[in-house]
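Report on one structure; see the data block that follows.
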Amino acid sequence: MKPFYTIFGIRLASYGSLIALGIVVASLVYWYRKKEYPADKETIFYSIVYGMIGGFIGAKLLYLITDFNFVIESFKNSKDIFTTLSNILAGGYVFYGGIIGALIALYIYAKKYKLNYLDITDSMAPEVPLAHAFGRIGCFMAGCCYGMPWDSKFYVIFPKESVGLSGVKLFPVQLLSSLGNVIIFIILFIYSKKDRSKGKVTGLYMMLYGVGRFLVEFLRYDDVRGHFLFFSTSQWISIILVPLGFILYKKGENLCKKMQK
């Protein structure tokens, strides 16, 4: 639980550093698995680039949408428009927004270069939870995305310099999320080793993560994600994601043929 650390006199954020590390590790695994799917070096490289750009844009946009009041208040109290914009852009990210943004960006890439979209998403799906696992450890280090008050075993107390709630016993939901993502990665890594019809690996990821995220949300205490009726924004997205994943798992091959027409 150390939001910042210093290397060679340079102050770095643990959150951003772990996200970057997760992307690097996931990219190396993606490269290692290149023999398991039809993709050349150029396709692998540009898939990562497009996915990263779309992911960051989508994650930031959904964060701003779910915390729109913060954006409005920031501009109302603004004395320097450039500083205000910088503070807003330096804020958090929403993972589901990153997934949506990455999928859109990869679709644009596949369409532009006439590649098979589901081949790309299937090949990248196992690496997504791996990178995400590092990101959740980053959340734990920063103190954001924190869990509910927890007075039993396995609680954590974040220091004052943490991003979120400090000085209170909280459930370490970030570590649970990280463990869940590692488990999903292992399942997908093993599952994808055999030749599967298009969409099955992507669909399986959508189902596994959707169910896991829906349940984990009950243990979270930060309200930045927004709520509607009984569920958080992320839970509503999970409710949509799981059946979509099931459809893709069962009928991905047919959908792929229709997309190519």
Side-chain angles (χ1 to χ4, degrees), residues 14-39 43-45 47-52 54-56 58-59 93-103 105-106 117-142 145 147 172-217 219-220 234 237-238 241-242 244-246 248-249 252:
S14 300
Y15 176 69
S17 300
L18 280 160
I19 288 178
L21 179 60
I23 292 172
V24 170
V25 173
S27 298
L28 290 173
V29 173
Y30 185 31
W31 179 263
Y32 169 78
R33 294 178 56 249
K34 65 182 181 295
K35 293 180 180 179
E36 298 175 15
Y37 45 85
T43 301
I44 293 172
F45 175 76
S47 296
I48 293 171
V49 172
Y50 272 77
M52 283 176 54
F56 277 111
Y93 298 87
V94 176
F95 177 74
Y96 265 142
I99 287 291
I100 295 168
L103 288 173
L106 289 171
Y117 179 58
L118 290 182
D119 273 344
I120 295 174
T121 61
D122 280 347
S123 65
M124 298 185 77
E127 289 76 43
V128 174
L130 178 61
H132 195 190
F134 280 87
R136 284 306 179 198
I137 295 174
C139 292
F140 179 75
M141 297 296 287
C145 307
V173 69
Q174 307 98 323
L175 298 182
L176 178 63
S177 297
S178 182
L179 176 62
N181 275 293
V182 170
I183 292 171
I184 293 174
F185 161 69
I186 293 171
I187 292 172
L188 295 178
F189 185 86
I190 295 172
Y191 182 77
S192 63
K193 280 189 170 295
K194 290 185 178 181
D195 188 26
R196 307 287 181 180
S197 58
K198 299 185 193 308
K200 282 196 176 295
V201 180
T202 305
L204 181 59
Y205 168 68
M206 291 167 66
M207 289 188 287
L208 290 174
Y209 182 73
V211 172
R213 182 62 184 267
F214 183 86
L215 296 174
V216 164
E217 283 289 301
L219 296 172
R220 285 182 63 167
S234 295
I237 296 175
S238 294
L241 189 72
V242 172
L244 286 178
F246 180 75
L248 191 59
Y249 183 85

- Are Ile186 and Ile190 close enough that some pair of their side-chain heavy atoms sits under 4.5 Å apart? yes
- Tell me, do Phe140 and Leu176 make a side-chain contact under 4.5 Å, heavy atoms counted? no
Please identify each residue that fulfils side-chain hydrogen bond (donor to acceptor under 3.5 Å, both in side chains) with [X], with sequence neighbours left out.
X	result
Ser238	Tyr96
Ser197	none
Ser178	none
Ser192	Arg33

Contacts of [X] that satisfy ring pair (Phe, Tyr, Trp, His ring centres under 6.0 Å) - sequence neighbours left out:
X	answer
Phe189	Phe185
Tyr50	Tyr109
Tyr205	Tyr209

In chain order, what residues pass the side chain to side chain contact (heavy atoms under 4.5 Å, CB included) check against [X], with sequence neighbours excluded?
X	value
Leu215	Val211
Ala142	Tyr15, Cys144, Val163
Ser177	Arg136, Val173, Val216
Tyr191	Arg196, Lys200, Val201, Leu204, Tyr249

- Message: Using side-chain contact (heavy atoms from CB on, under 4.5 Å), reason through Asp119 and Lys198 one step at a time and then give a plain yes or no.
- Response: CA-CA 7 Å; Asp119 273 344; Lys198 299 185 193 308; 3.0 Å; yes
Closest non-hydrogen atom pair, [X] against [Y]:
X	Y	value
Ser47	Leu106	O-CD2, 3.4 Å
Ala26	Leu130	CA-CD2, 4.1 Å
Ala133	Val182	CB-CG2, 3.8 Å
Cys139	Cys145	SG-SG, 3.7 Å

Give, for atom [atom1] of [X] and atom [atom2] of [Y], the distance between the pair rounded to the nearest 0.5 Å.
X	Y	atom1	atom2	value
Ser27	Ile44	OG	CD1	10.5 Å
Leu241	Met207	CG	CE	10.0 Å
Met206	Leu103	CE	CG	7.5 Å
Tyr30	Phe45	OH	CZ	12.0 Å

- Let me see the working for Leu118 and Leu248 under side-chain contact (heavy atoms from CB on, under 4.5 Å), right down to the final yes or no. CA-CA 10 Å; Leu118 290 182; Leu248 191 59; 4.0 Å; yes
Side-chain donor-acceptor pairs under 3.5 Å in residues 17-24, sequence neighbours left out?
from, atom 1, to, atom 2, distance (Å)
Ser17, OG, Tyr5, OH, 2.7
Ser17, OG, Ala13, O, 2.8

- Query: Any donor-acceptor pair under 3.5 Å linking the side chain of Thr202 with the backbone of Asp122?
  - Reply: yes
- Hey, mind stepping through Ile237 and Arg213 against side-chain contact (heavy atoms from CB on, under 4.5 Å) and telling me if it holds? CA-CA 10 Å; Ile237 296 175; Arg213 182 62 184 267; over 6 Å; no
